[in-house]
Chemist: 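Sharing a structure with you now.
Along the sequence shown, residues carry numbers from 1. Computed from heavy atoms alone, side chains included, the values below leave out hydrogens, waters and symmetry copies.
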Amino acid sequence: MGSGTSTFVIRWINFLTMLLAIAVICFGVWMSTHHDGCRKSLTLPVLALGGFILVISLIGFMGALKNISILLWIYLVLLCLILVGILVFTVLAFIITNNGSGHSVAGLRYKEYQLRDYSSWFLKQLNNTKNWAHLKSCLVKSEDCNNLPKKYKTLKQYKMAKLTPIEAGCCRPPSECGYPAINASYYDLSFHPISSNNDCRLYKNSRTIKCYSCDSCKAGVAQYMKTEWRVVAIFNVILFVVLSIIYFVGCCARRNAARSRSSKV
């Protein structure tokens, strides 16, 4: 493979990398439009990753177009760093999201979640007073709980509903409390709870209180974060494989170009 052919290959590789970067950015934009402000913990990192890959691919493309060796080296080094970063993040993401799952409750279509089931990293983040104060205020402003009476107009519809983890954990008291449901947003709190769970005492029917201070609410958020992290981790696995192939081909093309130049000397 001659020097001209090698640079041609690198140009096309970086053109494909640019398209890949745009796909990553589009994925980040999709995350931002499908999640409210409370649950965008990974949106900015994904957008930043896409932007970084785009800049690197532009460096490689210009290096191949102008045949500037230093730019090609910078391109390969930065791409290698990205691969290492993606690998480390993906491994950690799978470790962090390995624990935690819902518990089925008789008579309910949805599951309930317990905070102790999740990884210590999630526990540290959610039990941090500052972090939870921000998430709590954000959840109060969201329409997750306020929309339940609109979505389920009768008690039968509500009991047969398949609630999200946040709706199940933040908008209602845990089932073990035994509070009778009057409708989708109101429980009879005059009933003496049959459980010693502190969440039973914390729950109030007020739209601004609900169970936002409950461990069950934190567990619901943890389940949501786990799902979000797992989706990004799977996306990163695909991204890592594609970038590894691009990096390998780029290294081969760069080596062949160097050999071709040395043979001419």
Chemist: Got a second to check how far Ile82's CD1 is from Leu87's CG, nearest 0.5 Å?
Modeler: 13.5 Å
Chemist: Got a sec, which residues hit side chain to side chain donor-acceptor pair (under 3.5 Å) with Lys136, two or more places apart in sequence or on another chain?
Modeler: Ser213
Chemist: Restricting to side chain to side chain donor-acceptor pair (under 3.5 Å), what partner residues turn up for Asn146, sequence neighbours left out?
Modeler: Arg207
Chemist: Can you tell me which residue pairs pass the salt bridge (charged side-chain N to carboxylate O under 4.0 Å, His left out) test with a partner in residues 172-199, sequence neighbours excluded?
Modeler: Glu112-Arg172
Chemist: Would Cys145 and Cys171 count as a disulfide pair, i.e. SG atoms separated by less than 2.5 Å?
Modeler: yes
Chemist: Rounded to the nearest 0.5 Å, how far does CG of Leu189 lie from SG of Cys177?
Modeler: 9.5 Å
Chemist: Start with the C-alpha distance between Trp132 and Val221, add both sets of side-chain angles, then the distance that settles side chain to side chain contact (heavy atoms under 4.5 Å, CB included), and finish with yes or no.
Modeler: CA-CA 10 Å; Trp132 187 249; Val221 174; 3.9 Å; yes
Chemist: A side-chain contact here means heavy atoms from C-beta on lying under 4.5 Å apart; do Ile96 and Phe122 qualify?
Modeler: yes
Chemist: Write out all pairs satisfying ring pair (Phe, Tyr, Trp, His ring centres under 6.0 Å) with one or both partners inside residues 195-219, taking only residues at least two apart or from two chains.
Modeler: Tyr187-Tyr203
Chemist: How about Cys211 and Cys214: are their SG atoms under 2.5 Å apart?
Modeler: yes
Chemist: Same hydrophobic cluster for Val84 and Leu92, using side-chain heavy-atom links shorter than 4.5 Å among ILVMFWY?
Modeler: yes
Chemist: Locate the shortest heavy-atom distance separating Ala181 from Tyr158; write the atom from each residue and the value.
Modeler: CB-CE2, 4.5 Å
Chemist: Donor-acceptor pair, distance only, cut-off 3.5 Å: does the side chain of Arg109 make one with the backbone of Lys162?
Modeler: no
Chemist: Can you tell me how far OG1 of Thr97 sits from CZ of Arg230, rounded to the nearest 0.5 angstrom?
Modeler: 3.5 Å
Chemist: What's the shortest heavy-atom distance between Cys200 and Tyr179, and which atoms?
Modeler: O-OH, 2.9 Å
Chemist: Using the rule that two of Ile, Leu, Val, Met, Phe, Trp, Tyr join whenever any of their side-chain heavy atoms come within less than 4.5 Å, decide whether Leu78 and Ile245 are in one cluster.
Modeler: yes
Chemist: Hey, are the side chains of Cys170 and Asp144 touching, using non-hydrogen atoms and a 4.5 Å cut-off?
Modeler: no
Chemist: Which heavy atom of Cys217 sits nearest a heavy atom of Leu139, and at what distance?
Modeler: SG-CD1, 4.0 Å
Chemist: When you group the ILVMFWY residues by side-chain heavy-atom contacts below 4.5 Å and let the links chain together, are Val231 and Ile95 in the same group?
Modeler: yes
Chemist: List the atom pairs, donor and acceptor, that lie under 3.5 Å between side-chain atoms in residues 236-244 and the rest of the protein, sequence neighbours left out.
Modeler:
| residue | atom | partner | partner atom | Å |
| --- | --- | --- | --- | --- |
| Ser244 | OG | Phe240 | O | 2.7 |

Chemist: Show the nearest heavy-atom pair for residues Tyr118 and Ser101, with the distance to one decimal.
Modeler: OH-N, 4.2 Å
Chemist: Once rounded to the nearest 0.5 Å, what's the spacing between atom OG1 of Thr154 and atom NZ of Lys159?
Modeler: 10.5 Å
Chemist: So, do Leu108 and Leu163 sit near enough that their side-chain heavy atoms are less than 4.5 Å apart?
Modeler: no
Chemist: Under the criterion side chain to side chain contact (heavy atoms under 4.5 Å, CB included), I'd like the reasoning laid out for Asn99 against Asp117: C-alpha separation, chi angles, the key distance, then a yes or no.
Modeler: CA-CA 6 Å; Asn99 298 329; Asp117 294 339; over 6 Å; no
Chemist: Once salt bridge (charged side-chain N to carboxylate O under 4.0 Å, His left out) is applied, do any residues pair with Lys204, and if so which ones, sequence neighbours excluded?
Modeler: none
Chemist: Between Ser216 and Gly169, is there a donor-acceptor pair closer than 3.5 Å when you use the side chain of the first and the backbone of the second?
Modeler: yes
Chemist: Members other than Tyr186 in its cluster, when Ile, Leu, Val, Met, Phe, Trp, Tyr link by side-chain heavy atoms under 4.5 Å?
Modeler: Ile182
Chemist: What pairs of residues pass the salt bridge (charged side-chain N to carboxylate O under 4.0 Å, His left out) test when at least one of them lies in residues 147-157, not counting sequence neighbours?
Modeler: Lys151-Glu167
Chemist: State the CG-CH2 distance between Leu126 and Trp121, to the nearest 0.5 angstrom.
Modeler: 8.0 Å
Chemist: Any chain of hydrophobic side-chain contacts (each under 4.5 Å) joining Val91 to Leu83?
Modeler: yes
Chemist: Give a yes or no on whether Leu81 and Leu79 share a hydrophobic cluster (residues Ile, Leu, Val, Met, Phe, Trp, Tyr; joining criterion: side-chain heavy atoms under 4.5 Å apart).
Modeler: yes
Chemist: Sequence neighbours excluded and cut-off under 3.5 Å, please list the side-chain donor-acceptor pairs for residues 49-65, or say none.
Modeler:
| residue | atom | partner | partner atom | Å |
| --- | --- | --- | --- | --- |
| Ser57 | OG | Ile53 | O | 3.2 |
| Ser57 | OG | Leu54 | O | 2.7 |

Chemist: Applying side chain to side chain donor-acceptor pair (under 3.5 Å), can you list everything that pairs with Lys210, at least two apart in sequence or on another chain?
Modeler: none
Chemist: Quick one: ring-ring contact (aromatic ring centres under 6.0 Å, His included) partners of Tyr152, sequence neighbours excluded?
Modeler: none
Chemist: Mind checking side chain to side chain donor-acceptor pair (under 3.5 Å) for Gln125 and listing every partner two or more places apart, or none if nothing turns up?
Modeler: Asn131
Chemist: Decide side chain to side chain contact (heavy atoms under 4.5 Å, CB included) for Asn197 and Asp215; before the verdict, give the C-alpha distance in whole Å, the side-chain angles of both, and the deciding distance to 0.1 Å.
Modeler: CA-CA 10 Å; Asn197 188 337; Asp215 281 349; over 6 Å; no
Chemist: If you round to the nearest 0.5 Å, how far is OH of Tyr113 from CD1 of Ile166?
Modeler: 10.5 Å
Chemist: Which heavy atom of Tyr110 sits nearest a heavy atom of Ala168, and at what distance?
Modeler: CD1-CB, 3.8 Å
